[in-house]
Peer 1: 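Okay, handing you the structure first.
A note on names: the letters A, B, ... follow the listed sequences, proteins ahead of strands, and every chain is numbered from 1.
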There are 2 protein chains.
Amino acid sequence: MQHRTRRAGRTGRPPRLAREAILSAAQRILDEEGAENLSMRRLAKEMSSTPMALYHYVRDKDELLLLLLEEHAAKFPRPELPAEPRARLLAAAQVLHDILVDCPWIVEVLASDDLFAVSAMWIVESILDAAIESGMTPEDAVYAYRVIWYYTAGELTVRFNRERRLAHLDRPPHRDQITGLDPGEFPLITSLGPRWNELTVRDTHRRGLEAVVEGLLAQAT
Amino acid sequence: MQHRTRRAGRTGRPPRLAREAILSAAQRILDEEGAENLSMRRLAKEMSSTPMALYHYVRDKDELLLLLLEEHAAKFPRPELPAEPRARLLAAAQVLHDILVDCPWIVEVLASDDLFAVSAMWIVESILDAAIESGMTPEDAVYAYRVIWYYTAGELTVRFNRERRLAHLDRPPHRDQITGLDPGEFPLITSLGPRWNELTVRDTHRRGLEAVVEGLLAQAT
DNA sequence: ACCTGAACACCGTTCAAGT
DNA sequence: ACCTGAACACCGTTCAAGT
């Protein structure tokens, strides 16, 4: 399928096209079968090819995931950010989350400190810019970006792992967290009882982000 | 080795002892060969046994990792926390990080929202208590704990992945993040140049934690 | 240049059988 | 009760060979 448009050129090869075919096949697996089912072997099968054929287009699995992120970020509509620096800092940090919240597989690629796709670099630039305009030095702006990134990465990791856990809840947890805890030693946790699980499942990303940004700005002045 | 002290009891089995032997063998692998080399098969080999013998003492690999965390947390000295609630909130959150910073393998077990080992539950209890004494409702205290946990989990994930990357830097990164970026589009990032990597490697956990806690407390009043 | 087949060096886990 | 051996159903990646 990938050499459909083979031409008569001197060294015929449509690598760009093949790469795109690989990426959309990978995206199809991601959408239909979930991140945990995307493997080089599964992907090769999806394309009626062999695993090693893929290595002609991507260096390794990590690069494949990075390219998928790149594509996803490029597709994402680039919203207009508020002019006011503090609001812009918050808005840019929110976009960072918005882009990644649809990529449960990035947990696997969360390797880098600075991540990531050039298609998403404009967000980092926006955060730095907004932080500097809020009165920070460039050094502190980088620091602020990193704190925001840690919060975002942590929220996404926990979020995706919870979703994955709920998806196949075949087996009960190793230990029921709350039940069976000694109320004498843990009066607050045990007093919450089932409320704990309920509170723990709420989407508080935005509110937490506001606290983080607020704390960073307070520190800078 | 694990049935060294077999007794004459009615149904002789020293499961507690065997479990401990398994855990210390696992810890030995972790220390000497790193988290990425701990597998059920490697662990069985370390004990001159078969992989399946282990499944008599732990349900699966996840439980093994949880038990290792449990042991590590239990060993950790429990520091005295400040009486002043706001300082206690920060101190408890710092201990959460201190305990986990020596466990690069928790990245694999970062599954739960609320994590984790009962041996470390006193920290969660302390955070909730300090948050409430700082004027939060119990609900907001849980929310505050979660924000702190996200920041901590993110910081640790990025930290460990960077360490792992530096450990075997056999291959260069897929793309040099900064070099090759268009200065017209990303003036701030490119202007930092090599400073970016330098800033990105700094340990800013504590400072960031202070910002996060500060932001949470500001939100609560 | 592009692709294949076989192999290397692994995984976690299940199952049936042994003692 | 505790352990083994073989097997299932996978991984990512290398290598030598094909066209």
Side-chain angles (χ1 to χ4, degrees), chain A residues 1-22 25-26 29 33-68 105 108-109 111 164 168 170-171 174, chain B residues 1-22 25-26 29 33-68 105 108-109 111 164 168 170-171 174:
Chain A
M1 197 207 239
Q2 63 266 36
H3 40 76
R4 189 166 27 94
T5 48
R6 173 69 39 89
R7 283 156 175 273
R10 117 177 4 255
T11 43
R13 25 90 243 224
R16 192 83 197 105
L17 205 102
R19 191 174 247 209
E20 256 158 39
I22 289 172
I29 294 171
E33 297 168 48
E36 66 275 21
N37 283 98
L38 178 63
S39 70
M40 298 304 269
R41 294 176 119 102
R42 174 71 190 83
L43 180 53
K45 204 163 269 170
E46 181 79 9
M47 309 198 69
S48 318
S49 183
T50 57
M52 279 319 295
L54 303 172
Y55 285 84
H56 226 263
Y57 299 96
V58 295
R59 198 178 71 180
D60 52 26
K61 199 190 173 184
D62 267 8
E63 194 186 42
L64 175 74
L65 294 175
L66 219 100
L67 289 168
L68 283 167
W105 44 271
E108 247 187 280
V109 92
R164 194 161 49 85
H168 32 243
D170 11 307
R171 298 277 162 201
H174 299 101
Chain B
M1 194 207 244
Q2 63 266 38
H3 40 76
R4 189 167 25 94
T5 47
R6 173 70 41 86
R7 282 155 176 273
R10 111 179 7 255
T11 43
R13 24 89 247 217
R16 192 82 195 107
L17 204 102
R19 191 174 246 209
E20 258 159 37
I22 289 172
I29 294 171
E33 296 168 47
E36 66 273 22
N37 282 98
L38 178 62
S39 70
M40 298 304 270
R41 295 174 117 104
R42 174 71 191 84
L43 180 53
K45 204 163 270 173
E46 181 79 11
M47 309 197 70
S48 319
S49 181
T50 58
M52 279 320 294
L54 303 172
Y55 285 83
H56 226 264
Y57 299 96
V58 294
R59 200 178 70 180
D60 51 25
K61 199 190 173 183
D62 267 7
E63 194 187 43
L64 174 73
L65 293 175
L66 219 101
L67 289 168
L68 284 167
W105 44 270
E108 248 188 279
V109 92
R164 193 160 50 85
H168 31 244
D170 13 307
R171 297 280 161 199
H174 297 102

Peer 1: For residues Lys61(B) and Leu38(B), report the shortest heavy-atom separation together with the two atoms involved.
Peer 2: NZ-O, 2.9 Å
Peer 1: Could you report the tightest heavy-atom contact between Ala25(A) and Met47(A), atom names first, then the distance?
Peer 2: CB-CG, 3.9 Å
Peer 1: Quickly work out the Arg59(A) CZ to dT14(D) C1' distance and round it to whole Å.
Peer 2: 15 Å
Peer 1: Calculate, to the nearest 0.5 Å, the distance between atoms CG and CD belonging to Leu67(B) and Glu20(B) respectively.
Peer 2: 11.0 Å
Peer 1: How would you list, by chain and number, every residue that makes a salt bridge (Lys or Arg N to Asp or Glu O under 4.0 Å) with Glu36(B), sequence neighbours excluded?
Peer 2: none
Peer 1: Quick one: salt bridge (Lys or Arg N to Asp or Glu O under 4.0 Å) partners of Arg42(A), sequence neighbours excluded?
Peer 2: Glu33(A), Glu46(A)
Peer 1: Would you check if the side chain of Asp62(A) reaches a backbone N or O of Leu65(A) as a donor-acceptor pair within less than 3.5 Å?
Peer 2: no
Peer 1: Report yes if some heavy atom in the side chain of Leu64(B) is under 4.5 Å from a heavy atom in the side chain of Leu43(B); otherwise report no.
Peer 2: yes
Peer 1: Do nucleotides 7-12 of chain C as a string where each nucleotide becomes B, S or -: B if the base has a protein heavy atom under 4.0 Å, S if just the sugar-phosphate does, - if no protein is that close.
Peer 2: B---BB
Peer 1: Rounded to whole angstrom units, what separation is found between the CG atom of Leu64(B) and the P atom of dT13(C)?
Peer 2: 10 Å
Peer 1: Measuring only the P atom in each nucleotide, how far is dA9(C) from dA9(D)? A whole number of Å is fine.
Peer 2: 24 Å
Peer 1: For DNA chain C, just give me the dot-bracket, please: Watson-Crick or G-U, both distances below 3.5 Å, ( ) intra-strand, [ ] crossing earlier pairs, | paired with another strand, . unpaired.
Peer 2: ||.|||||...|||||.||
Peer 1: Considering all heavy atoms of both residues, which atom of Ala44(B) and which atom of Pro51(B) are nearest to each other, and what is their separation?
Peer 2: CB-N, 3.3 Å
Peer 1: Mind calculating the distance between CE (Met47(A)) and C1' (dC3(C)) to the nearest angstrom?
Peer 2: 13 Å
Peer 1: What's the NE2-C1' distance between His56(B) and dT14(C), to the nearest Å?
Peer 2: 14 Å
Peer 1: Measure from the side chain of Met52(B), starting at C-beta and using heavy atoms only, and say which of dC3(D), dG5(D), dG5(C) lies closest.
Peer 2: dG5(D)
